[in-house]
Amino acid sequence: MQIQRWQSLFLLIAAIVMGVFSFMSLGQVQAHDFTFNFTALGLCPEGVSTGGETPGCISTWYLFAVAILSALLPLIAIFCYKQYRLQKNLCLLTMLMLACVIIVSAGIAYSSFDGANVEWSSLVCAPFIALIAVIMAFQRIRADHRLLASVDRLR
């Protein structure tokens, strides 16, 4: 017997939010000569240079890989409802990935150019929202397991 209610919803919210985070613009980095659009895929210059050479895109595939992984793990965890230990471990791994996404995206934005000004979009809150949703799902998984264990003791 399995109970799968709220944790599925919380995990789905985390997956959707991180999926959007992976493909949308996270903000802009204003360097000395150019403004770069910051996405999980990289930093790409906006506009065309009138005087000098236009810089190319700076790839951040590692941020994209971790962001996509943190979107896929909650989806996988939803379908592991018959194996609560695996589901709990996937939630813990997702929490670790979300912490990595937060740290890496802040590190990229603030250390990519010396003296650059960073303007974040509202989407930068997505990993925090996903982290809260995964923590709530983890708590619900533990509560359901305790409930099932108490019912089994009564039989």
Nearest heavy-atom approach of S70 to M18 is OG-CE, 3.3 Å
Please tabulate, for the side chains in residues 92-108, all donor-acceptor contacts under 3.5 angstrom to protein atoms that are two or more places apart in sequence or on a different chain.
unit_1: T94; atom_1: OG1; unit_2: L90; atom_2: O; d: 2.7
unit_1: S105; atom_1: OG; unit_2: V101; atom_2: O; d: 2.8
unit_1: S105; atom_1: OG; unit_2: I102; atom_2: O; d: 3.2

Which atom names give the shortest non-hydrogen contact between S8 and I78, and what distance separates them? O-CD1, 3.8 Å
Testing Q83, R142, H145 for side-chain contact (heavy atoms from CB on, under 4.5 Å) with K88, which one passes? R142
Does W61 reach the side chain of L41, with side-chain heavy atoms less than 4.5 Å apart? no
Do S22 and F64 make a side-chain contact, defined as non-hydrogen atoms from C-beta onward lying under 4.5 Å apart? yes
Quick one: does T39's side chain get under 4.5 Å of L63's, heavy atoms only? no
What side-chain donor-acceptor pairs closer than 3.5 Å can you find for residues 125-134, not counting sequence neighbours?
none

Decide if atom CG of D114 counts as having more than 12 heavy atoms of other residues, nucleotides or ligands within a radius under 6.0 Å. no
Check for me whether the distance between the ring centres of F10 and F138 falls short of 6.0 Å. no
For residues I141 and C91, determine if any side-chain heavy atom of one lies less than 4.5 Å from a side-chain heavy atom of the other. yes
Any luck finding a side-chain donor-acceptor pair between Q7 and D144 under 3.5 Å? yes
Do F38 and W120 come close enough that some side-chain heavy atom pair is under 4.5 Å? yes
Check whether any side-chain heavy atom of Q87 sits under 4.5 Å from a side-chain heavy atom of L11, and report yes or no. yes
What's the spacing between I13 CD1 and L9 CG if we round to 0.5 Å? 4.0 Å
V29/T35 under side-chain contact (heavy atoms from CB on, under 4.5 Å): CA gap, chis, key distance, verdict: CA-CA 6 Å; V29 178; T35 300; over 6 Å; no
Starting at CG of L86, measure out to CZ of F79 and round the result to the nearest 0.5 Å. 13.5 Å
Any F21 side-chain heavy atom under 4.5 Å of L26 side chain: yes
Of all heavy-atom pairs between G19 and A71, which one has the smallest distance, and what is that distance? N-CB, 3.8 Å
Is Q30 close to E119 at the side-chain level, that is, under 4.5 Å between some pair of heavy atoms? no
Could you tell me which non-hydrogen atom of F34 sits nearest to which non-hydrogen atom of P45, and how far apart they are? CD2-CB, 4.4 Å
Any donor-acceptor N/O pair, S59 side chain to G42 backbone, under 3.5 Å: no
